[in-house]
Amino acid sequence: MKLIRISVWHVPLTSHTAYYMADGKTCDTVETVVVALETDAGLTGWGEVCPIPHYLPAYARGVAPAVQEMAPMLLGADPVGPEALMAKLDKHLPGHVYAKSALDIALWDLTGQAANLPLHALLGGRRTETMPLYHSITCVAPDEMSRIAQTAYQSGMRQFQVKLGADADWQADAARLREVREAVGDGPLVYGDWNCGATSLDATRVGRAVADLDIMLEQPCATIEDCARVRAATGLPMKLDENAHDTASLLQGHAQGCMDAVALKLSKFGGLSATRRARDLCLHLGAKMCIEDTWGSDITTAALLHLGASTDPTRVLNVCDLSGYVAPRLAPDAPTREQGRISPPDGPGLGIQPDKDVLGLPDLVL
Ligand code: 0XW
Ligand code: MG
């Protein structure tokens with residue numbers, strides 16, 4: 001089987017509700033990039049990557065030029081066995097992992113379709129029926145955030161990511177964590193995410209103000225060293241996100257003692273192949289994993305669900321139904337949340353069928 005055509009679409013995704021993070025970052029409407037790889041056997045593999053502006057070293061309009069650069073290595077190649085082809089792409093164009101993420105997902109989709117097996121079977125075998133989701137709460141007034149948490153709790157959610165730092169007011173951040181914890185009661189996981197936006201001073205003050213509560217902190221500062229300082233000064237468990245993006249940073253987070261949990265976003269590492277290797281390293285290091293991506297719709301969500309379902313469930317902190325936060329849905333047959341949990345699709349490959357009417361005409365065909 002040979003790859004004969006590459007198509008790329010840019011699709012604006014709009015969040016159902018406003019979504020604010022520290023440093024003025026938002027993803028109210030962001031562009032997702034969809035990639036289709038067609039073969040001479042009539043199969044089409046789908047990939048997606050959706051960077052949030054100003055969030056990671058990645059941007060939506062950077063994907064198509066990188067794909068164009070890699071196209072000569074892809075066209076005519078056998079897509080079955082994604083890691084072999086991804087290794088060739090890594091030699092041809094080092095880095096650009098977010099663009100490669102969409103290609104790698106599409107290669108896995110084709111490999112699964114060729115094998116007539118769902119990706120979770122090829123990624124090591126299904127370990128669980130359903131996985132817990134977390135609900136990410138936009139950084140607004142503390143009482144509004146506790147109302148959002150309560151509504152999500154009633155829908156079955158038991159894990160809550162409380163966005164912090166939008167107003168640089170550390171006391172408001174402490175109130176956000178306290179009020180959300182009160183709203184959902186003891187037991188559910190509550191964690192505050194600054195998305196790198198705090199100083200170690202402010203994050204430490206917040207952490208110490210809520211140290212009587214069962215709270216985890218996520219990526220308060222811009223460096224692993226500063227996150228480790230906050231972890232040590234507050235005694236609160238910590239999740240790394242933005243700083244954990246490759247083997248070296250996972251090892252560093254672990255060595256610095258601030259990686260109780262970690263966000264494995266597919267596009268930080270370079271797709272399913274690279275994130276599976278990161279997953280295996282985290283199994284060894286003992287960090288609990290949030291298996292997800294930066295943002296996106298049904299294609300990236302299906303991909304992360306397959307990796308999550310093939311991971312030891314005692315090590316999976318949670319997964320994210322990214323497509324549940326945005327419109328339009330790209331695939332009408334994609335899984336949706338039920339009582340705060342979600343399952344991967346069952347069909348071959350990713351197991352979803354993107355809707356060509358929603359996508360329209362591609363922006364680039366190679
Ligand atoms: C990447 N986000 C902004 C979207 C996901 O829901 C989680 C969050 C994060 O930074 O963890
Ligand atoms: Mg985060």
Side-chain angles (χ1 to χ4, degrees), residues 13-32 48-60 98 101 131-140 145 148-149 152 157 159-166 173 176-177 189-198 203 215-224 227 230 237-245 249-250 253 258-269 275 287-298 300-301 303-305 308 317-326 337 340 342:
L13 296 180
T14 303
S15 302
H16 294 309
T17 53
Y19 188 81
Y20 305 112
M21 299 178 262
D23 282 339
K25 285 180 273 223
T26 175
C27 36
D28 284 354
T29 299
V30 294
E31 213 167 56
T32 198
E48 181 185 8
V49 60
C50 183
I52 296 174
H54 323 293
Y55 177 69
L56 288 168
Y59 72 111
Y98 67 100
S101 187
M131 293 167 283
L133 293 162
Y134 70 91
H135 190 69
S136 186
I137 305 173
T138 176
C139 191
V140 288
M145 291 175 82
I148 295 170
M157 289 283 179
Q159 301 196 27
F160 302 89
Q161 183 190 54
V162 179
K163 288 291 179 189
L164 301 175
D173 285 336
R176 288 179 171 111
L177 289 167
L189 182 68
V190 173
Y191 51 110
D193 185 10
W194 278 274
N195 289 105
C196 301
I215 296 281
M216 180 166 73
L217 304 180
E218 176 174 344
Q219 191 70 57
C221 309
T223 65
I224 291 181
C227 290
V230 175
M238 184 157 303
K239 177 181 170 208
L240 287 183
D241 184 355
E242 284 87 333
N243 281 152
H245 54 85
S249 53
L250 290 170
C258 59
M259 200 172 74
D260 303 282
V262 62
L264 299 185
K265 290 177 157 72
L266 299 178
S267 59
K268 282 192 304 191
F269 291 88
T275 313
K288 277 236 185 181
M289 292 168 266
C290 160
I291 296 180
E292 61 167 5
D293 208 342
T294 308
W295 206 242
S297 187
D298 291 310
T300 189
T301 300
L304 70 90
L305 293 179
L317 182 76
N318 53 42
V319 295
C320 189
D321 65 333
L322 295 162
S323 49
Y325 291 82
V326 297
R337 58 178 85 150
I342 195 161

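For ligands, and for the atoms within them, numbers begin at 1 and follow the listed sequence. Predicted, not measured: the structure shown is a model, and the values here were computed from it.
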*Asks:* Quick one: pull up SG in C320 and CE in M131 and give me the separation to the nearest 0.5 Å.
*Replies:*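 Rounded to the nearest 0.5 Å, the SG-CE separation comes out at 11.5 Å.
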*Asks:* Which atoms of ligand 1 are found less than 4.0 Å from any heavy atom of D193?
*Replies:*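 Those of ligand 1 that fall under 4.0 Å from D193 are 9 (C), 10 (O), 11 (O).
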*Asks:* Heavy atoms only: which of L56, T294, I137 is nearest to atom 4 (C) of ligand 1?
*Replies:*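 Shortest heavy-atom distance from atom 4 (C) of ligand 1: T294.
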*Asks:* Quick one: does K239 get an N or O within less than 3.5 Å of an N or O on ligand 1?
*Replies:*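 No: no nitrogen or oxygen of K239 is under 3.5 Å from one in ligand 1.
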*Asks:* What atoms in ligand 1 come closer than 4.0 Å to a heavy atom of M21?
*Replies:*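 The list of qualifying atoms is 3 (C).
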*Asks:* Applying the side-chain hydrogen bond (donor to acceptor under 3.5 Å, both in side chains) test to S136, which of E292, Q161, K163 qualifies?
*Replies:*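 Only one option passes, and that is Q161.
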*Asks:* Ring-plane angle category for Y19 and Y325, please: parallel below 30°, perpendicular beyond 60°, tilted otherwise.
*Replies:*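 Perpendicular.
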*Asks:* So do D293 and C50 actually touch side chain to side chain, heavy atoms under 4.5 Å?
*Replies:*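 They are not in contact (no side-chain heavy atoms under 4.5 Å apart), so the answer is no.
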*Asks:* Atom CD of E242 and atom CH2 of W194: how far apart are they, to the nearest 0.5 Å?
*Replies:*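 Atom-to-atom, E242:CD and W194:CH2 are 13.0 Å apart.
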*Asks:* Just which atoms of ligand 1 are under 4.0 Å from any heavy atom in D241?
*Replies:*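 Every atom of ligand 1 under 4.0 Å from some heavy atom of D241: 9 (C), 10 (O), 11 (O).
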*Asks:* To check your reading of the model: name the closest protein heavy atom to atom 2 (N) of ligand 1, its residue, and the distance in Å.
*Replies:*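 Protein heavy atom with the smallest distance to atom 2 (N) of ligand 1: Y19 OH, 3.8 Å.
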*Asks:* If the contact criterion is a heavy-atom separation under 4.0 Å, does Q219 count as touching ligand 1?
*Replies:*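 So Q219 does not count as touching ligand 1.
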*Asks:* Heavy-atom pairs closer than 4.0 Å: do any link ligand 1 to the side chain of Y191, the backbone, both, or neither?
*Replies:*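 It is neither; nothing of Y191 touches ligand 1.
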*Asks:* May I ask you to list the atoms of ligand 1 that are less than 4.0 angstrom from any heavy atom of E218?
*Replies:*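 It comes down to these atoms of ligand 1: 11 (O).
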*Asks:* Work out the angle at the Mg ion (ligand 2) between OD2 of D241 and OE2 of E218, rounded to 10°.
*Replies:*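 Between OD2 of D241 and OE2 of E218, the angle at the Mg ion (ligand 2) is about 100°.
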*Asks:* Check whether any side-chain heavy atom of P51 lies under 4.5 Å from a side-chain heavy atom of L56, and answer yes or no.
*Replies:*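 P51 vs L56: side chains apart.
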*Asks:* Any salt bridge between K239 and D193, counting N to O under 4.0 Å?
*Replies:*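 Not counted as a salt bridge, because no side-chain N and carboxylate O are separated by less than 4.0 Å.
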*Asks:* If the cut-off is 4.0 Å to any non-hydrogen atom of K265, which atoms of ligand 1 fall inside it?
*Replies:*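 Ligand 1 atoms under the 4.0 Å threshold to K265: 1 (C), 9 (C), 10 (O), 11 (O).
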*Asks:* Within the structure, does N195 bring an N/O atom to less than 3.5 angstrom of an N/O atom in ligand 1?
*Replies:*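 Between N195 and ligand 1 (N or O atoms, distance only) the closest approach is under 3.5 Å.
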*Asks:* Considering only the protein, which heavy-atom contact is closest to atom 7 (C) of ligand 1, and what is its distance?
*Replies:*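 Ranking protein heavy atoms by distance from atom 7 (C) of ligand 1, first comes Y134 OH, 2.9 Å.
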*Asks:* Just heavy atoms, cut-off under 4.0 Å: does Q161 contact ligand 1 by side chain, backbone, both, or neither?
*Replies:*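 The side chain, only.
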*Asks:* With only distance considered, is K163 within less than 3.5 Å of ligand 1 through an N or O on each side?
*Replies:*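 By distance alone, the answer is yes.
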*Asks:* Which bit of W295 is near ligand 1, meaning a heavy atom under 4.0 Å away: side chain, backbone, both or neither?
*Replies:*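 Contact part for W295 vs ligand 1: side chain (C-beta onward).
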*Asks:* Would you tell me whether T294 and S267 have side-chain atoms, one donor and one acceptor, within less than 3.5 Å of each other?
*Replies:*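 Result is yes, a qualifying pair exists.
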